[in-house]
Amino acid sequence: MISQLTKTEREIALLLTILLAISGSILGLMGRGDLLGYHGALLAIAGYALTFVLIKDHFDPEPGPKRIEKYYDDPIKVGIVLAIFWVVIGTFVGDWVAWLLVFPDATFDAGWASFGRLRPVHTSGVIFGFGGNALIATSFHVVQRTTRARLADRVSPWVVIVGFNLFCLMAASGYLMGITASKEYAEPEWYADIFLTIIWVVYFVLYMRTLARREEPHIYVANWYFLAFIIVVAILHILNNLAVPVSFGHAKSYSLFSGVQDAMLQWWYGHNAVAFFLTAGFLGMLYYYLPKRAGRPIFSYRLSIISFWGIVFLYMWAGSHHLHYTALPHWVQTLGMTFSIMLLVPSWASAGNALMTLNGAWGKVRDDATLRFMMVAAVFYGLSTFEGSFMAIRPVNSLSHYTDWTVGHVHAGALGWVAMITFGAIYTLTPWLWNKERMYSNKLIEVHFWLALIGTMIYVFAMWNSGIIQGLMWRAYNENGTLAYSFIESVAAMKPYYVARAIGGFLFFLGAVVCAYNVWKTIQLPAVAAKNPDKPPLPARGSPTALSAAE
Amino acid sequence: MLKNHAKLERTAIGFAFAIMLVASIGGFIEIAPLFTISETVEDAPDMRVYTPLELAGRNIYVREGCYACHSQMVRTLQDEVERYGHYSLAVESKYDHPMLWGSKRTGPDLARLGDKYSDEWHVAHLLNPRAVSPQSVMPAYRWLLRNELKANDMPLHLRAMRKVGVPYTDAMIANATADTYGQANPDSGAADGFFERYGFDSNSRYFDGDKRKVTEMDALVAYLQILGELTDAADQTAGAANLENDAEGATQ
């Protein structure tokens, strides 16, 4: 893997891994009486192991001068493999916790196996482990292809991939041990947050430097989304995680904010993690792989501009719809609701732009499961953004909030949109990256497609039912004017839906396993001459390419 | 507009700055005014801080991820007020770093759980939820009774809380460890001056029923028993008493 690095780059990499080993050791020593010690040890072991690899191969022959004529894809391959690793782990743990609600005693009397500790392993595993690795990998791929520039250097992509996955490991292992800041989707503690901030700055700088080297005059729309994803996630992450650690030897910290401010910041973060991690980044993916796979230009350049700036501007107001009827000032709730409804415009503009792009390629959608993954993703994107705007309306929210309806909504987005577009991108990208004629088995893609779609449908329908029943039972009155149901009756009523949800989740997990197997077998196929040649010559000015807009 | 945008697309740094600017507006307008909230929200002069034992219990609540299934935020809806008690006031979570309002009720809201059940009920429920509530889907937390509570670093915890704005006094910080053990072991005399520091209506009991050691169960139950009890602000709001009376019997 380091054969692509020049001598200087190997030395920089060595310096960084030694730095990682030393800082891990220091953290481990400072936290030796605390759970923090384990994470210090984790970083130190990773640092020493990487240092060993770099020293072992240090004197391998250097790459020739031809290296700069090709795109740099090695870190992308690793990112794709890691994304698949995390989706299998993440959906497995997700289905596990789903079954825990059916069989609550299946915890082996151990803290790590209880719902509260496993649940963030699932959420972080799928959002950051799967989603994050997929975004990082595809952003590296897309930015090179759409700028016709090689990644700006060959060390920082590795810093991003390795560092980000160390963060994911710290997150997941920490929850099991009981390390959590309890902020939903931002559970890792202060030291992991600082670590991620450093990694993210490296990512941003690398992305900007690569854009700066572009040979295309214009920055293609997919890169706008990736850029928004990188920048805004940094802002959200830093502000929401401000905290004072108990000491530098403790994993535990106390949030800088409390009560209302903390709640507002948390859901400003939480909802925009949906917007900029789970939407903007994946729209970046969609804007490249969908037109490429369909062989059709993006339907409308104008729509893509409107929807991009609409999403960047409007989403940041919407977080307070998570706090309807709470102690948050009413005017903030109202603003959140209003902007959430307005969000439907750019969201449907994006979904519509994607679907209209498929006009003229519907035959391909029928025959090609990979493209169908992306089409269904766009449909689910449209459906779940509509549902989201609807649920943000205050009276609707009074019914849906705190119930499984929210869980169903999130999974319509996460399974139907985020995961499906990613699987589409993975099936498109894998043969290109590894220079294969095609995926190992198109049949298995077809199997995966139906497992994923049926699994998602079962899941979402189960949660719609349970959520609405819960909400209605909580607010039902009998003829005496008193509450009709005790809380526990509403819990008991959920049982069939919890079983159905766990079955739907299992089908989705099976699909992920099929995907892993298919990609694994594809990597082992004999390589062919690249079908998607590196750095094609610049098209003559004004001539349309696959990605230029139709209008 | 399209022409200008075509220009913007040609500069990476300009585009990055445009994203930062456009994305900052909403957050700024909604969040910045909340930091002046102390001027608009009713104050609660009687509000006390968490005792070290309760804070340790709160940290266990966080560690076990209880917030994933239990909210601590009664909304201003009739059925919620009848089920759980007076709707939550902003001031009631002003010492909550972080807040635990939650987002999901797989189990019921806990904002006003304090003093609703006996300590024995809580211990029995945490050891085996289905023993007291056959249809419950909550996991059992038996290790809480096995694990002795680590409290030697409680002064550091209180100091960190003071740094983020909770008014712990020097005496509270200095006595934090002794107060932790003393509150759960009232006959030991370890917590000399505990009531002077935290108020005479704070609880000091053998929360887990075991007089020999102070466990994580002691801390968690101590915390659960003061949920909603740090201030009487909610009770003083007009009409609250009636609603709370109605709520008796309707809960759970």
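Chain letters run A, B, ... following the sequence lines, proteins first and then strands; every chain starts at 1.
Contact tally against chain A (heavy-atom pairs below 4.5 Å) for B/Ala6, B/Ser103, B/Ala140: the top residue is B/Ser103. Residue with the most contacts toward chain B among A/Gly116, A/Ser255, A/Ser490: A/Ser255 (heavy-atom pairs, distance under 4.5 Å). Ranking B/Ile60, B/Leu21, B/Leu8, B/Asn59 against chain A, the residue ahead of the rest is B/Asn59, based on heavy-atom pairs under 4.5 Å. Here B/Ala160 is the residue among B/Ala160, B/Gly165, B/Pro134 with the most heavy-atom pairs under 4.5 Å with chain A. Most heavy-atom pairs under 4.5 Å with chain B: of the set A/Ala492, A/Ala228, A/Ala263, A/Ala318, this distinction falls to A/Ala263. In terms of non-hydrogen atom pairs under 4.5 Å with chain A, the most contact-rich of B/Ala23, B/Cys69, B/Gly65, B/Pro129 is B/Ala23. In terms of heavy-atom pairs under 4.5 Å with chain B, the best-connected choice from A/Thr107, A/Val221, A/Leu227 is A/Leu227. Of the listed residues B/Arg75, B/Met99, B/Lys7, the one with more heavy-atom pairs under 4.5 angstrom with chain A than any other is B/Arg75. Interface summary for chain B: among A/Val232, A/Leu211, A/Leu100, A/Ile305, the most heavy-atom pairs under 4.5 angstrom belong to A/Ile305. Note on B/His157, B/Arg159, B/Lys94: by heavy-atom pairs under 4.5 Å with chain A, the leading option is B/His157.
For the pair B/Lys104 and A/Thr406, the minimum side-chain heavy-atom distance is 4.5 Å or more. In this structure the side chain of B/Ile25 never reaches within 4.5 angstrom of the side chain of A/Met316, judged on heavy atoms. At a threshold of 4.5 Å between non-hydrogen side-chain atoms, the residues B/Arg63 and A/Arg117 count as touching. Counting heavy atoms from C-beta on, the side chains of A/Ile219 and B/Arg10 never come closer than 4.5 Å. The shortest distance between side-chain heavy atoms of B/Glu64 and A/Phe115 does not fall below 4.5 Å. Annotation: side chain of B/Glu82 is in contact with side chain of A/Tyr477 (closest heavy-atom distance under 4.5 Å). Two residues are said to be in side-chain contact when any heavy atoms from C-beta on lie closer than 4.5 Å; A/Val246 and B/Met161 fail this criterion. You'll find the side chain of A/Pro104 stays beyond 4.5 Å of the side chain of B/Pro139, heavy atoms only.
For A/Phe308, the part lying under 4.5 angstrom from a heavy atom of chain B is the side chain only. For a residue to count as touching a neighbouring chain, one of its non-hydrogen atoms must lie under 4.5 Å from one of that chain's; by this rule B/Leu156 touches chain A with backbone and side chain alike. For a residue to count as touching a neighbouring chain, one of its non-hydrogen atoms must lie under 4.5 Å from one of that chain's; by this rule A/Gln266 touches chain B with the side chain only. Proximity to chain A (any heavy atom under 4.5 Å) is shown, for B/Glu92, by neither the backbone nor the side chain. Neither the backbone nor the side chain of A/His322 comes within contact range of chain B, judged by heavy atoms closer than 4.5 Å. Of the two parts of A/Lys252, only the side chain, counted from C-beta on, holds a non-hydrogen atom closer than 4.5 Å to a non-hydrogen atom of chain B. Only the side chain of A/Ile231 comes within less than 4.5 Å of a heavy atom of chain B; its backbone N, CA, C and O stay farther away. The parts of A/Asn397 that come within reach of chain B are both its backbone and its side chain, each placing non-hydrogen atoms under 4.5 angstrom from that chain. In this structure, the portion of A/Val407 lying under 4.5 Å from any heavy atom of chain B is its side chain and not its backbone. For A/Trp474, the parts sitting under 4.5 Å from any heavy atom of chain B are the backbone and the side chain alike. With a 4.5 angstrom heavy-atom cutoff, A/Ala476 does not touch chain B via any of its atoms. For a residue to count as touching a neighbouring chain, one of its non-hydrogen atoms must lie under 4.5 Å from one of that chain's; by this rule B/Leu55 touches chain A with the side chain only. In this structure, chain B has no heavy atom under 4.5 Å from any part of A/Phe339. Using a 4.5 Å cut-off between heavy atoms, A/Val491 touches chain B through its side chain atoms alone. With a 4.5 angstrom heavy-atom cutoff, A/Ala110 touches chain B only via backbone atoms. Interface residue A/Asp404: backbone and side-chain heavy atoms are both found under 4.5 Å from chain B. Heavy atoms closer than 4.5 Å to chain A are found nowhere in B/Arg162, neither backbone nor side chain. Of the atoms belonging to A/Val244, heavy atoms from both backbone and side chain fall under 4.5 Å from chain B.
Separation of atoms OG (B/Ser93) and CD (A/Gln261) is listed at 9.0 Å; rounding is to 0.5 Å. Here the straight-line distance linking atom CG of A/Leu256 with atom NE2 of B/His97 works out to 8.0 Å at 0.5 Å rounding. Atom-to-atom distance recorded for A/Thr326:OG1 and B/Leu89:CG is 11.5 Å, nearest 0.5 angstrom. To the nearest 0.5 angstrom, A/Leu335 atom CG is 8.0 Å from B/Ile29 atom CD1. The OG atom of B/Ser88 lies 13.0 Å from the CG atom of A/Leu328; values are rounded to the nearest 0.5 Å. How far CD of A/Glu184 is from CH2 of B/Trp101: 13.5 Å, rounded to the nearest 0.5 Å.
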| said: For a side-chain hydrogen bond (donor to acceptor under 3.5 Å, both in side chains) check, start with the C-alpha distance between A/His250 and B/Asp153, then their side-chain angles and the critical distance, and finish with the verdict. | reply: CA-CA 10 Å; A/His250 279 80; B/Asp153 56 359; 2.6 Å; yes
| message | Assess the residue pair B/Arg105 and A/Phe487 against the criterion (side chain to side chain contact (heavy atoms under 4.5 Å, CB included)); give the C-alpha distance rounded to whole Å, side-chain angles, the decisive distance to 0.1 Å, and a yes or no. | response | CA-CA 10 Å; B/Arg105 284 181 188 152; A/Phe487 192 90; 4.3 Å; yes
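What you find for A/Arg214 and B/Thr11 is that their closest heavy atoms are NH2-N, 3.8 Å. The two residues A/Phe204 and B/Met20 have their closest heavy-atom pair at CZ-CE, 4.5 Å. A/Thr180 approaches B/Tyr67 most closely through the heavy-atom pair OG1-OH, 3.5 Å. Heavy atoms only, all atoms of each residue included: B/Tyr141 and A/Ser114 are closest at CE2-OG, 4.3 Å. Closest heavy-atom contact between B/Met73 and A/Tyr402: O-OH, 3.1 Å. Across all non-hydrogen atoms, the minimal contact from B/His5 to A/Tyr301 is ND1-OH, 4.0 Å.
Within a 6.0 Å sphere centred on CZ of B/Phe28, other residues, nucleotides and ligands contribute 12 heavy atoms or fewer. Counting non-hydrogen atoms of neighbouring residues, nucleotides and ligands closer than 6.0 angstrom, the CD1 atom of B/Ile13 reaches no more than 12 such neighbours.
A donor-acceptor pair shorter than 3.5 Å cannot be found between the side chains of B/Asp96 and A/Tyr254.
In this structure, A/Trp224 and B/Phe15 have tilted ring planes: the angle between them lies in the 30° to 60° band.
Under 4.0 Å is where a charged nitrogen must lie from a carboxylate oxygen, and between A/Asp34 and B/Lys150 no such pair does.
Listed for the A/Arg119 side chain is no donor-acceptor partner under 3.5 Å among the backbone atoms of B/Ala68.
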